[in-house]
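Residue numbering restarts at 1 for every chain, and letters A, B, ... go by the order of the sequence lines. Source: prediction; values computed, not measured.
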Amino acid sequence: MLKEKRNLMLYKQDFEKFFRLLSETFTIFGPSKTDGSRSFTKIDASDEIAFDYENTKMSLKEFFFPQTETLFFFDTEKNEVKQTDVETNKHDKQNILFGVRPCDAMSISFLDKVFNANNPQDLYYTRRRKSTRIVSFACTNPASTCFCTSVGCGPDSETGADIIFFELNGRYFIKTVTPEGEKTIKSAEKLLNPATKNDIEEKVHLMKTANSNLKKIFDSGNLQKKLDNFNAPYWGKLHRKCLGCGICTYLCPTCHCFDITDEVIKSNGRRIRTWDSCMFSLFTLHASGHNPRPTQKERMRQRIMHKFNYAPKYYGKTFCVGCGRCVIYCPVNMDIRDVMKEIMEER
Amino acid sequence: MKEMNSHKKVMVIGGGIAGVQAALDLADSGVEVYLIERSPSIGGRMAQLDKTFPTNDCSLCILSPKLVEAGNHPCINIITNATVEKVKGDAPHFKVKIKKEPRYVDEAKCTGCGICMAKCPVKIPDTYNMGLCDTKCIHIPFPQAVPAVALIDKDHCIYFRRGKCRICEKFCEPKAIDFNQKEKYIDLEVGSIILAVGLTEFDAVLKDEYGYKIYPNVVTSMEFERILSASGPTQGHVLRPSDAKEPKRIAFIQCVGSRDTQIGNEYCSAFCCMQAAKDAIIITEHLSDVEISVFGMDIRAYGKDFDKFIERAENEHNTRFVRVRVSSVDVDPVNDNPIVHYEEDGHVRKEAFDLLILSVGLRSTPQLRRLSAKLGIKLDESGFVHTTPFAPISTSRPGIFVCGTFSGPKDIPESVIEASGAAGSAGVILSGFPNKEIVVEYPSEIPINDGDRPKVGVFVCHCGINIAATVNVKQVVEYIATLPYVVHSQAMLFACSQDAQKLITEKIHELGLNRVVVAACTPRTHEPLFQETLKKSGLNPYLFEFANIRDQCSWVHQKEPEKATEKAKDLVKMAVFKVINLEPLSKMRLSINKNSLVIGGGLAGVTAALGLAEQGYHVDLVEKESELGGNLRHIPYTLEGEKTGPFLKSLIERVNAHPLIAVNCGAEIEEINGFIGDYKTTIKFNTNSQKYQYSELGMIEPKERKQIEHGIIIVATGAQEYQPTEYFYGEDKKVITQRELEKILAQVNPLRQAGPRKLKVANGKQSDNLIADIDHLSSVVMIQCVGSRDDKNQYCSRVCCSTAVKNALMLKQLAPRVKVFILYRDVRTYGMKELYYKKARESGVIFIQYDKDEKPEVIRNENSLCVEVKEKIMNKTLQFTPDLLVLSTGIIPNSDNKFLSQTLKVPLGTDGFFLEAHVKLRPVDFATDGVFVCGLAHYPKDISETIAQAKAAASRALTVLSKDEIEAEGKVAYINETRCSGCGLCVDICAYRAIELDPEKNIAVVNEALCKGCGTCAASCRSSAINLKGFKDEQILATLAAI
Amino acid sequence: MRQIEYEIINTVEKLFADKKIDIFIGYKKGTLSLQTSPYFLSEQDDVRKLVWNSFCSNNLAVFIPRIIPNSKSKESKPVGILCKGCDSRSLVGLIKEKQINRDNLFIIGISCPGIVDRRKILSRLDGKEIIGIDEDADSIVVKLKDGEKRFEKEEYLCESCLNCAHPTPSIYDVLIRGAVYSLQAITPDPITKDFSSKPREERWKIFETEVSKCIRCYACRDACPNCYCKECFAEQTKPQWLGVSKGLSEVIFYHIVRILHQAGRCVDCGACVRACPMDINLRLFTRVMVDEVKERFGYEPGISLKDTPPLATFSADDKQEFMTEPE
Amino acid sequence: MNNPYVPMPVRISDIITENEARDIKTFKLIFENKEDEKKFSFLPGQFAELSILGFGECPIGIASSPTEDGFLLFTVKRAGVVTTRLHRAEIGETIGIRGPLGNTYPIQDMEGHNVLIIGGGFAFTTLRSTIKYILEKRNRGSFKDLTVIYGARNPGELIYKDELWQWEKQSGMKTYITVDKGDKNWNPLTLPSPRCPPPYPPPTSGGGQRRGYYVGEGLKEGGRYEGFVPTILKEVAPSPKDTIALICGPPIMIKFTLPILTNLGFVPESIFLSLEMRMKCGIGKCGRCNIGHKYVCKDGPVFAYAELQRLPNEY
């Protein structure tokens, strides 16, 4: 059993071999060049992997918590549940998610608190999670929209990952984070060498540079306290340019709200869960017509509060990893960093 | 008028379509009606017809709802098997004695279940089916009969003949059989009497040269109607009598018993041409590869869309119209094929057919003569009720009115118009009496809400064999029983019959049904009937759904019974899924403003206005010209030779003098807002007329505009004479129109009568010295169909043939030596007008037929005109150089019809005339409630037809005005306020102007009184904020989800 | 550009000073390069934060039905708004569809030289970080760590701007004239014409491929001024018109209906395309509709407050060749 | 493994229409599988997701008491698609159930104390469960006095009528039943007086003056009344000493009841309310029913008033 995390080295020229060895036991997913790093797709050859991407457009969450998931099928004529998706989608082969950015890896550790915790456990998520190893890639060149260090994450964060790669000059610095991570590289052990002091120094230096490129914009701890003021005046203004679309929540790696609906064609039906968004006006609309969050003001507040105030209280974590997707893709440039700044500056 | 402690009462004699319509109109206006019918059920001849032209509606299908309505109407007392014994007294205090023959079945007890009929051992000829098949000695005349009560034919009953049997009595559960029934006399006191008995078909045996009853394959048109009918002896299969084989060559002989001097029936029976064309079209729908020939003289397609119908028969249905008179018929003894002999192009021809149909006309009977004697009314030489052109529905005895064929052969719409007109005239007589109070009691409605488990009852109709012969009804019934929420599913022979209604009610109560589906013919005719049944059972009438498994299934898939059955299952399943999602709806009640607006001050408008005013209702009459009278001012005399002037003058005087009529001459409609019961109209006076109004009538303040509030509208805007551009009209003074000729003749006539040779100048200005002396004319040519039946105006203008005949006769009378040639395509002197056609021929007028494609040509020389025409029968080109060329110009729709049609939201037909709600049975109504049409605005017609229709319009309007309030449609649009963004698209596109924006809430608001439930708004709304009650998105989606 | 920005600021300042408006909607500097952000300015705020440059891409009309829901009252002061040609066309639509009263708007119109497509420039930068931006009349200069890159505006305009027929607002209270490129607007749009000329199967394939990228975030709808329904059909539950899943049939359904709801209303501002995070070329389909409506009914939405939209009227001469027998 | 999203089959063994408007029905459900029944152990206050295949799910409070063996009761008001379909169900039909979900009334804390139950309208369901639980012979000794105040708009809208009439007569509990407006058969024990204004404005739609409200000594015994629940509560004036109050009712009733309880001396820690929010999963994952950092489905639906005061007022 693993006593401590190991630091190992892999020469870039051996990566192809490394990839092949791993793919004998695992199905490998990663950001691929072919779809412009839109999402994590199946990778068949090592050269399909896009190493230099900033972040995938779709976050990692859809791998474990797909946008549409069948909970079970049923027959309305016979009035019976036929089978559940958990039973049909057997994940026999183990998966590797390769090249995950540390922020996305961390986001999975948050989702684990929601779905994987035994309160009760969400079998659909758990099943996928159990069969999947996360191999993350430290960010040596973070984007201008990244703000991970403001929310307790960082370019070399290990949380959520089983293994983390650092790209050094001509070689990869590989750190095993979990026992699963150890097991994952077992088959490729012969390609790996223990890291030397030099290697470690180079890695530390590299990450120092990366870290220095990331400005810490706010302190999430203070923010949480600030947000305890539920009726703060800024809520009356912040939302005004918000269009109420679902881009920020759908692209967010930690947003996990979903809807459950039934779909029926003839007598064949399925109960599905689909992503939902607190930004949508119908999200909390009661059958009676009452809506506790009737305007974009309340909905915007809910989104911010859920991430930065409620989640810390409930799960002990700020549900934001600073990936910057909401910043990049918001059609009205509603920059969450700006919002945070505004909140922090209030009084 | 004497005071009388009774309400309005009228006796209607005859329960055919005319009688039923008159009864319904009267009853709807608050008059109690005694409908006396000689036979055991109402419906008359129309109930026996298969289809009706020119729409090919199933005759009984459109009639049956009216029969049921009459049968259920609280103001109508139907007395069947009854004849009038005696009529004493004068209007409005007639004392009548009715004799009712025994039925031997208690009408109050009989449920019409038909078990007696099944058990009765005696077969007798089925008179409903013209004796072509058998029925039982105890029988219900036909499945949809009203009342649906059996009767025993005493002459054939074993019990009555031998004193034994009484099987029917044994099986009759309600104990309705009563062999001891005796004839009964009923005394009635009524204010007026409407004579609506019909004529009888000519007995074709009298024309023995055509071989009827001699050769097996010669049948009459009435028999053939039954052969075509799905409920007829051959169940709608066209088979010939001798060998029950499908005929391939079929011929019709027209004018059997009509236009026939030999047998003394000189009139035209008015409908037979169209009936033959209709039958021809229907035949080709039953049989493939069939050839049809129609032997007749003229094709009298003088009604709305009739010419198009004939063209359809000719071009699409393999029908040949042969313009000859058949001389005789014999038979091929080998195959019983009748052989028709006729002369064509001077050759005698023989032609064999598989089946020969004699288009028999109508005639009077001794029975009718006896009846008129009892009533004390005058008949004419043909045995028809004597009427005058200006009083077409009045008999010689005041207070007794006539409608339908008894006053001369006519088609259904004319009969219906006269029926309504007669009802109106009877109403005038009764205006001093109070209305009969109608209290219709419905049980209080069972409350149904969305959360109640739907309990659906499904009733699948056989429709005789209409459905059952194709669709396996049993399978459908069994399948439907398995559907969710269906608690009852059963088959019915005729779901529309009265006993079926009883059964549906029973099932509703017994099983606690809260939703009902009837799978049958079509909701168009029968939905109201079943909704009424629900209402009477305490269910909201909108918890009903109709599955159309006849028109849309069995009829169109006759050759694929299995697929049809599957489709029927789906259709009923859809209806079930929909009905499950239906919800109770309520109708809005609208109060009725009792004033009326009549647009148009011609003969029609004036007559209609009088019809309303004389029953005590205020009328605003709007005429755009400066004086009343319209086109009639230009028609000096009638075909019958009566002067119109005095008649028109007295009519206008009556109108002007009537305190309830406000005459607005020189005024035009500017704006009409509102809806039935509550219209607001602005009329605008043109400046000249203001003075006129003020100085001459002194009735209206001189002002430019006037606002009128009223409850109904009668459109009587008339039509215009076609202004010819052909044949040098307007260029050559020798070319004039019939109207111009008529004016001249009218001026000549009195002078001529004043003394011989006094005439020098008739009309110096207009005609110069053209007719300086009419005697100097040597020849006059008249060309028919100028501006009618051509590419410009495709319809027949209906009156020009008789106008030409009228003027030719007058010309001949004034100047017997003048040669008159009438170039015609068909001489359409329908009905009694035929007598004048004959008279014209006798007086030497020469009729020359030309073909549509070879119209007469006119060549203009220096001083003369040369008319060249290719004579059709002899196929020769003839030339004339007439002194006068008279163009029989057609009638064209008014140019402002379009404006009025848009303002009133009522449609125009393709020909530009106003389009009535139904060509056969609702000839003066519009689909829009509260608006009626009469006169030339509807279609070209003659004076008496116009008068009848105007009276009918008034009568129909009275069915509205006599009520204090009416119900609006329940299936209306409604707005989901949480979804409506108030964009206003629905406001823009609503054809009925039923939607407005609420300026406060900025959402759309539906005016339920105006909404017709067309659904355009619902379709247009991007937010799905508009739904149509009864057709909500969820309901439609549920329906679709069923398949 | 600067001059215009200055004029805008002056005008707005005066409007506030004259108490003509309480709120003004314009643009402020964005937090990302090549981007601006809608700015709701009230008297207390800094009017000098208003900007005008080639990246003022948002169609500000979208906010009108949101901030003045269904208001018809004349009591409150008008809302000030900065309008490019397309924004004003959207406003015309909103006024005609009674979402706002003309009197409740104070429109500062700008003759628009076209908006530069941020994505087009980004795609040329190979992910290099932008340090700064300079803009002159014809070009954008992007400063990178390792130098500068110059982009000619004309080549990098948004597709909808490249073929804009009405760069000058159709309605305004004050018009600020700027340089307008003399781009020739062509109907039908060459890009969509090319699309339209393809066989039906191919068009369907293109449509399917494009919309299959959709994640149903509804940004296209929410960025569109025409989409002001209180409850979008896509989210209605009574009845539920389409499922909530990301399945192809559902996204096709959503997009087809969204596009159809734009018939005769779309002003081709391109807001939907710019909002879409998945880079779906939605304009390809809406523009086809715009051209189609113009050709069939001679109608261009957003140009006049008077003319009747084709869907609100009927003429017997309307083309009906689309009514064909099923194949 | 137990999949929390898959419903267990239950058969509808009885349907009772509760009110005159016929939009509230009680469904008696029996588990199709014995094992499911065993697993389904609950306490008053909890709810379950009722599921109809093809229509969806709706969260409904459990109206029966765990002491009632062999069946579950759910009282459902018809509002949306699922509840409408449920109302249309017939006896014998099988539907689905997921649960029990949520927390319970603080049964343990209530033991050894007086219990005051205040209910309004159809939200009386889980309170009925509680009452039945307390009244159960083997439990009754664990609790002290039981006071029930229940009100509805009119007599036709009272639910569980048979039981109400029984409780009125039952010793060891006081039952106050009140309606906003009585009918001719409703015999209030108290005389209305026009002097006392209503604690909250009467509905505007009705218009006009209401007949009035009782003024006088505290109501010592149970009975039938006319007036709003808060008014009756004020008159009943139960002692806060040693008492735990449970409230469930329409928001407006709760709004006006809380200050009266506070005035009577109840501390927020001793008042418990049951809340409603739009829910989907019922197990704290789908993220929509939160009030502040509490999920109503998991951390509720029962909240101490003290806790609720700390949460944002967004429900």
Distance flag, aromatic centroids of His261(C) and Phe233(C), threshold under 6.0 Å: yes
Part of Glu235(C) lying under 4.5 Å from any heavy atom of chain A: both
Contact class of Cys330(A) relative to chain C, heavy atoms under 4.5 angstrom: backbone
Gln296(A), part contacting chain C, at a heavy-atom distance under 4.5 Å: neither
Residue part contacting chain C, namely of Met58(A), when any heavy atom lies under 4.5 Å: side chain
Option in Asp276(A), Thr249(A), Thr68(A), Leu243(A) with maximal non-hydrogen atom pairs under 4.5 Å from chain C: Leu243(A)
Heavy-atom pairs under 4.5 Å with chain A, option from Pro277(C), Cys220(C), Ala275(C) with the top count: Pro277(C)
Part of Thr36(C) within contact of chain A (heavy atom distance under 4.5 Å): backbone
Stepwise side-chain contact (heavy atoms from CB on, under 4.5 Å) check, Phe29(A) with Ile49(A): CA-CA 9 Å; Phe29(A) 295 84; Ile49(A) 301 174; over 6 Å; no
Proximity breakdown for Tyr218(C) and chain A, heavy-atom pairs closer than 4.5 Å: both
salt_bridge(Arg265(C), Glu97(C)) N-O dist < 4.0 Å: yes
Part of Arg119(C) lying under 4.5 Å from any heavy atom of chain A: neither
Ring pair (Phe, Tyr, Trp, His ring centres under 6.0 Å) assessment of His255(C) paired with Phe207(C): CA-CA 9 Å; His255(C) 283 286; Phe207(C) 177 69; 7.1 Å; no
Side chain, backbone, both or neither of Lys213(C) within contact of chain A (heavy atoms, under 4.5 Å): both
Phe258(A) six-ring centre to Arg273(A) NZ/CZ under 6.0 Å and within 45° of normal: yes
Proximity breakdown for Thr295(A) and chain C, heavy-atom pairs closer than 4.5 Å: neither
Contact class of Asp45(C) relative to chain A, heavy atoms under 4.5 angstrom: side chain
Structural part of Leu282(A) lying under 4.5 Å from a heavy atom of chain C: side chain
Toward chain A, the part of Ile23(C) with a non-hydrogen atom under 4.5 Å: side chain
Chain A contact via Lys28(C) - which portion, at a heavy-atom distance below 4.5 Å: side chain
Aromatic ring pairing Trp52(C)/Tyr27(C), orientation class (parallel under 30°, perpendicular over 60°, tilted between): tilted
Phe218(A) and Phe147(A) aromatic ring geometry - parallel, tilted or perpendicular at 30°/60° bounds: tilted
Contacting moiety of Val244(C), where chain A heavy atoms sit under 4.5 Å: both
Between Tyr125(A) and Phe65(A), ring centroids under 6.0 Å: no
Any donor-acceptor N or O pair under 3.5 Å, side chains Arg325(A), Thr56(A): yes
Distance-only polar pair, side chains of Arg124(C) and Tyr156(C), donor-acceptor under 3.5 Å: yes
Most contacts with chain C, counted as non-hydrogen pairs under 4.5 angstrom, among Tyr250(A), Trp275(A), Tyr329(A): Tyr250(A)
Within the 6.0 Å centroid threshold, strictly below: Phe16(C) and Phe24(C): no
Residue part contacting chain C, namely of Ser277(A), when any heavy atom lies under 4.5 Å: neither
